[in-house]
Asker: 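The structure that follows is given in the form of structure tokens.
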Amino acid sequence: METDLADFTHCLKEAFSGKEKDQNNALSEVRDALAHYRGHFAQGSDYLWADAIREHFATQATDAALRLASRAERADASPREQEEVLGLLEHLSTLHPDHERLAQHAIRLYQAAGRHDAARHTYTRLERHLADLGLEPEPATQTLIAPRNHARKTR
């Protein structure tokens, strides 16, 4: 019997197993896992027992994407790799629009690619969702999008 849940779990396990895997294999496995992650576990159901399970799978999905995003931010990452990771971050951001670390990585990757409008849009979207919760972005996130003043003060 196959289930999305079993496939999701298997793909994530393969992506970050102790075996020597290159970045492309891990990226492919996480991409396959996130294809099965389309929303919260038992979405639309209000079962107390499902809350912990929902959180567990959300954490697994976001942690996998964040690990790949950290790798994609390195100087030796290819533009293709960065674009694929951005796609994963965007996918998860639609499911978890208030997850600030997803937005932080997306902003940094967009900026590295010279896509400052997309970085600004990501920040604005996060800011709007957090405002709905009565929150605001962390100072670290605000700093990512703040205009940089390169002028040096002279005496």
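Values reported hereafter were calculated over all heavy atoms of this structure, with side chains retained and with hydrogens, waters and symmetry mates removed.
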Asker: Rounded to the nearest 0.5 Å, what separation is found between the OG atom of Ser93 and the CD atom of Glu100?
Answerer: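 With rounding to 0.5 Å, OG (Ser93) is 11.5 Å from CD (Glu100).
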Asker: For Gln142 and Tyr123: C-alpha separation, side-chain torsions, deciding distance, then whether side-chain contact (heavy atoms from CB on, under 4.5 Å) applies.
Answerer: CA-CA 8 Å; Gln142 293 173 14; Tyr123 178 81; 3.3 Å; yes
Asker: Nearest 0.5 Å, please: how far is CD in Gln82 from CZ in Arg108?
Answerer: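 So the CZ of Arg108 and the CD of Gln82 are separated by 12.5 Å.
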Asker: First locate atom CD1 of Ile107, then atom CZ of Arg120, and finally report the distance between them rounded to the nearest 0.5 Å.
Answerer: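 The CZ atom of Arg120 is 9.0 Å from CD1 of Ile107, to the nearest 0.5 Å.
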Asker: Over all heavy atoms of both residues, which pair between Glu136 and Leu130 is shortest? Give the atoms and the distance, please.
Answerer: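 Taking Glu136 first and Leu130 second, the nearest heavy atoms are C-CD1, 3.8 Å.
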Asker: Would you say that more than 12 heavy atoms from the other residues, nucleotides or ligands in this model lie under 6.0 Å from the CG of Asp132, or not?
Answerer: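 Yes - once you tally the heavy atoms of other residues, nucleotides and ligands closer than 6.0 Å, there are more than 12.
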Asker: Can you measure from OG1 (Thr9) to CD (Gln60) and round to the nearest 0.5 angstrom?
Answerer: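 Spacing of OG1 (Thr9) from CD (Gln60) equals 5.5 Å.
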Asker: Which distance, rounded to the nearest 0.5 Å, do you find between the NE2 of His36 and the NE2 of His10?
Answerer: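 Those atoms lie 9.5 Å apart.
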Asker: Which atom names give the shortest non-hydrogen contact between Ala77 and Ala72, and what distance separates them?
Answerer: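 Taking Ala77 first and Ala72 second, the nearest heavy atoms are CB-O, 3.2 Å.
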Asker: Any carboxylate oxygen within less than 4.0 angstrom of a Lys/Arg side-chain nitrogen, looking at Glu83 and Arg115?
Answerer: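 Counted as a salt bridge, because a side-chain N and a carboxylate O are separated by less than 4.0 Å.
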Asker: Please tell me whether Leu126 and Val85 are part of a single hydrophobic cluster in this structure, the criterion being side-chain heavy atoms less than 4.5 Å apart.
Answerer: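 Shared cluster, no.
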Asker: State yes or no: do Leu144 and Leu135 share one hydrophobic cluster built from I, L, V, M, F, W and Y residues joined by side-chain heavy-atom distances below 4.5 Å, directly or via other members?
Answerer: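 No, because Leu144 and Leu135 fall into different hydrophobic clusters, even though each may have its own neighbours under 4.5 Å.
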Asker: Taking all non-hydrogen atoms of both residues, which atom of Tyr37 and which atom of His91 are closest, and how far apart?
Answerer: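 What the structure gives for the nearest pair is O-NE2, 2.9 Å.
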Asker: Would you say that Thr122 contacts Glu90 through its side chain, given a criterion of any heavy-atom pair below 4.5 Å between the two side chains?
Answerer: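 Yes, close enough: below the 4.5 Å cut-off.
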Asker: We want to know whether Gln111 and His116 form a side-chain donor-acceptor pair, criterion being a heavy-atom distance below 3.5 angstrom.
Answerer: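 Judged by distance alone, the side chains do not pair up.
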Asker: Is there a side-chain contact between Asp32 and Phe8 in this structure, where contact means two heavy atoms from C-beta onward sitting under 4.5 Å apart?
Answerer: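 Not in contact.
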Asker: Quick check: closest heavy atoms across Gln104 and Ala140, and the distance to 0.1 Å?
Answerer: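 Looks like NE2-CB, 4.2 Å.
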Asker: I would like to know whether Tyr110 and Asp117 meet side-chain contact (heavy atoms from CB on, under 4.5 Å); could you show each step before the answer?
Answerer: CA-CA 8 Å; Tyr110 279 131; Asp117 287 345; over 6 Å; no
Asker: Hey, are the side chains of His96 and Thr62 touching, using non-hydrogen atoms and a 4.5 Å cut-off?
Answerer: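 They are in contact (side-chain heavy atoms under 4.5 Å apart), so the answer is yes.
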Asker: Are any of the side-chain nitrogens in Glu138 or Arg101 under 4.0 Å away from the carboxylate oxygens of its partner?
Answerer: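 Salt bridge absent between Glu138 and Arg101.
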Asker: Please confirm whether the backbone N or O of Pro137 pairs with a side-chain atom of Thr141, one donor and one acceptor, at under 3.5 Å?
Answerer: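 Pair absent, no side-chain N/O of Thr141 close to backbone of Pro137.
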Asker: About how many Å separate NE2 of His121 and CD1 of Ile145, when rounded to the nearest 0.5 Å?
Answerer: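 Rounded to the nearest 0.5 Å, the CD1-NE2 separation comes to 11.5 Å.
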Asker: Might you point out which heavy atoms bring Ala69 and Leu89 nearest each other, and give the distance in Å?
Answerer: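 The pair with the smallest heavy-atom distance is CB-CD1, 4.1 Å.
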Asker: Any ion pair linking Arg54 and Asp51 (charged N to carboxylate O, less than 4.0 Å)?
Answerer: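 Counted as a salt bridge, because a side-chain N and a carboxylate O are separated by less than 4.0 Å.
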Asker: Looking at every non-hydrogen atom in both residues, tell me the closest pair between His99 and Leu66 and how far apart they are.
Answerer: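 Taking every non-hydrogen atom into account, CE1-CD1, 4.1 Å.
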Asker: Side chains of His105 and Ser70, heavy atoms from C-beta outward: is any pair under 4.5 Å?
Answerer: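 The answer is yes, as the side chains (C-beta and beyond) meet within the 4.5 Å cut-off.
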